[in-house]
Amino acid sequence: MSYDSLESLAAACASCQACPLGKTRTNLVFGVGSPTADLMFVGEAPGQQEDEQGIPFVGAAGQLLDRYLYAVGIPRESVYIANILKCRPPRNRDPLPEEEDACIGHLREQIKLIRPKMIVCLGRISAMRLIKPDYRITREHGTFVKKGAFLMTAVYHPSALLRDPSKKEAMLIDMENIKTQLDILTSEKGS
Ligand code: URA
């Protein structure tokens, strides 16, 4: 099934029961931001606050992400933010492969409609799903790969930075490089 707008896709997702998380969610967390964003962030799965509000990255991790966006001069409203899973796994456990399989089609449709120039995976789970299954976040964060129409990279998940503040310096460097690459992409002819 293909959709002509994010609104029609969101409406279809709202009643999704493709995996058991459909029964336990408070709200489906579809995504937030500019429908024409050049830069898209993809996290792992909603947490408690996201489940309660139906908006991705509104909890502590999201507030930290906001600070990095501000620090490197990327307006939050210019980007789009979504997750691999649209429903919260119980007690924030890692997504199960079958949950990812059930949900990933929604994300692919979202990406098709937004057509970002760059996709940034937030954390290992997202990078393993979108970049390559054996992605090593500690070793490979901040490196760029071209995949089809998209420039892709991964950074530490903001929750990992909350657990281990020694990673924050690397995150700032990665975010600065993302801004530089984004400026190059958006100044290219025909963009
Ligand atoms: N962590 C994620 O990966 N996504 C959210 O939306 C919130 C926390």
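Fair warning: this is a prediction, and the values are worked out from it, not measured in the lab. All ligand and atom numbering here is 1-based and tracks the order in the structure.
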For Pro56, counting its heavy atoms only, list the atoms of ligand 1 lying under 4.0 Å from any of them. 6 (O)
What do you reckon, does Gly59 put a non-hydrogen atom under 4.0 Å from ligand 1? no
Mind checking whether Gln49 has a heavy atom under 4.0 Å from ligand 1? no
Nearest heavy-atom neighbours spanning Met118 and Leu182: CE-N, 3.5 Å
When you measure from the side chain of Asp38 to the backbone of Pro116, do you find a donor-acceptor pair of N or O atoms at a distance under 3.5 Å? no
Hey, does His157 come in under 3.5 Å of ligand 1, counting only N/O atoms on both sides? yes
What do you reckon, does Leu122 put a non-hydrogen atom under 4.0 Å from ligand 1? no
Is there at least one pair of N or O atoms, one from Ala45 and one from ligand 1, spaced under 3.5 Å apart? yes
Start with the C-alpha gap between Lys86 and Gln110, add the side-chain angles, then the distance that decides, and say whether side chain to side chain donor-acceptor pair (under 3.5 Å) holds. CA-CA 12 Å; Lys86 304 225 173 312; Gln110 242 168 338; 2.8 Å; yes
Based purely on interatomic distance, does Ser159 place a nitrogen or oxygen under 3.5 Å from a nitrogen or oxygen of ligand 1? no
for atom 4 (N) of ligand 1, nearest protein heavy atom and its distance come out as Asn83 OD1, 2.8 Å
Donor-acceptor pair, distance only, cut-off 3.5 Å: does the side chain of Glu50 make one with the backbone of Val58? yes
Here the pair of heavy atoms bringing Phe150 nearest to Ile111 is CZ-CG2, 3.4 Å
Which one holds for Ala61 and ligand 1: side chain close, backbone close, both close, or neither close, with close meaning a heavy atom under 4.0 Å? neither
For ligand 1, does Glu44 get within less than 4.0 Å through its side chain, its backbone, both, or neither, judged by non-hydrogen atoms? both
What donor-acceptor contacts under 3.5 angstrom involve side-chain atoms of residues 8-21, with partners at least two apart or in another chain?
from, atom 1, to, atom 2, distance (Å)
Ser8, OG, Asp4, OD1, 3.3
Ser8, OG, Ser5, N, 3.4
Ser8, OG, Ser5, O, 3.0
Ser8, OG, Ser5, OG, 3.2
Ser15, OG, Ala12, O, 3.4
Gln17, OE1, Lys23, NZ, 3.4
Gln17, NE2, Gly22, O, 3.4

Identify, with sequence neighbours excluded, every residue that meets side-chain contact (heavy atoms from CB on, under 4.5 Å) alongside Cys121. Ser126, Ala127, Leu130, Ile131, Met152, Ala154
